[in-house]
Amino acid sequence: QVQLAESGGGLVQAGDSLRLSCAGPERTMVRYNVGWFRQNPGREREFVAVDIYSTSSPHYADSAKGRFTISRDNTKTMVYLQMNSLTADDTAVYYCALDLFGAGTDNPAHYGYWGQGTQVTVSS
């Protein structure tokens, strides 16, 4: 069973930066787009960004544009989410997942093999 693993979350102050990492098996990571989502208790999972491995043209949610950057390492097996200028509204559990439909959409129903998530808490 493929499962991704997120890391890099933590408690930071508003204006700080964090870099989240997403790791998975090489045989799957190099074949799929990888998306980042976030979720707070009682709320729906929210799209943040997706890395399109074939074109290197990422897509971002409006809330992430200009502040977050999604990227892969040279081996294509690690996907990162660099988050700058964090605000309290960015507080959530962040998840990565594989884009099973290959469409690079913002719909979490199109993604699978979710990791366990990493908590990001931004104090104001």
Side-chain angles (χ1 to χ4, degrees):
Q1 178 72 13
V2 174
Q3 187 172 36
L4 307 186
E6 305 92 342
S7 61
L11 172 63
V12 297
Q13 294 185 334
D16 285 351
S17 299
L18 276 177
R19 189 177 80 157
L20 306 183
S21 300
C22 175
E26 180 180 358
R27 66 182 184 277
T28 50
M29 294 292 280
V30 296
R31 296 172 58 189
Y32 288 91
N33 304 330
V34 176
W36 282 98
F37 292 77
R38 63 188 183 186
Q39 189 172 25
N40 281 301
R43 303 190 66 175
E44 294 185 353
R45 196 158 289 188
E46 176 189 4
F47 170 76
V48 177
V50 59
D51 174 76
I52 310 298
Y53 79 95
S54 60
T55 65
S56 298
S57 299
H59 300 162
Y60 295 96
D62 288 344
S63 60
K65 288 179 181 176
R67 299 188 302 127
F68 294 3
T69 303
I70 190 170
S71 63
R72 290 194 191 228
D73 70 341
N74 290 336
T75 67
K76 307 297 184 183
T77 59
M78 294 286 292
V79 176
Y80 304 103
L81 185 68
Q82 177 67 42
M83 305 187 296
N84 299 328
S85 303
L86 286 163
T87 73
D89 288 341
D90 297 314
T91 294
V93 177
Y94 284 70
Y95 300 88
C96 63
L98 300 180
D99 175 9
L100 303 181
F101 285 70
T105 73
D106 60 2
N107 187 346
H110 293 173
Y111 291 77
Y113 303 108
W114 298 87
Q116 294 298 311
T118 185
Q119 176 70 49
V120 172
T121 303
V122 184
S123 63
S124 57

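Just so it is clear, the model here is predicted, and its values are computed rather than measured.
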For residues [X] and [Y], determine if any side-chain heavy atom of one lies less than 4.5 Å from a side-chain heavy atom of the other.
X	Y	answer
Met78	Met29	no
Val79	Cys96	no
Val48	Met83	no
Ile70	Tyr60	yes
Phe68	Leu86	yes

Please set out all donor-acceptor pairs under 3.5 angstrom arising from side-chain atoms of residues 117-124, sequence neighbours excluded.
unit_1: Thr118; atom_1: OG1; unit_2: Gly9; atom_2: N; d: 3.0
unit_1: Gln119; atom_1: NE2; unit_2: Ala92; atom_2: O; d: 3.4
unit_1: Gln119; atom_1: NE2; unit_2: Thr121; atom_2: OG1; d: 3.3
unit_1: Ser123; atom_1: OG; unit_2: Val12; atom_2: O; d: 3.3

Considering only residues two or more places apart or on different chains, which pairs with a residue in [range] satisfy salt bridge (charged side-chain N to carboxylate O under 4.0 Å, His left out)?
range	result
residues 6-15	none
residues 78-97	Arg38-Asp90, Arg67-Asp90
residues 21-37	none

Do you know the tightest heavy-atom contact between [X] and [Y]?
X	Y	value
Gly8	Leu18	O-CD2, 3.6 Å
Tyr113	Leu4	O-CG, 3.3 Å
Gly112	Ala97	O-CB, 3.5 Å
Asn33	Ala103	ND2-N, 4.2 Å

Return the CG to CG distance between Asp99 and Asp51, rounded to the nearest 0.5 Å.
10.5 Å
Considering only Ile, Leu, Val, Met, Phe, Trp and Tyr, and joining two whenever side-chain heavy atoms are under 4.5 Å apart, list the other residues clustered with Tyr111.
Phe37, Phe47, Val50, Ile52, Val93, Tyr95, Trp114
All side-chain hydrogen bond (donor to acceptor under 3.5 Å, both in side chains) counterparts of Gln39, not counting sequence neighbours:
Arg45
Suppose we screen for side-chain hydrogen bond (donor to acceptor under 3.5 Å, both in side chains). Which residues come up paired with Asp106, at least two apart in sequence or across chains?
none
Ring pair (Phe, Tyr, Trp, His ring centres under 6.0 Å) involving His110 - partner list, sequence neighbours excluded
Phe101
Partners passing side-chain contact (heavy atoms from CB on, under 4.5 Å) against [X] (at least two apart in sequence or in another chain):
X	value
Thr75	Asp73, Thr77
Ser71	Tyr80
Tyr32	Thr28, Leu98, Leu100

Kindly state each residue pair satisfying side-chain hydrogen bond (donor to acceptor under 3.5 Å, both in side chains) with at least one member in residues 11-20, sequence neighbours excluded.
Ser17-Asn84
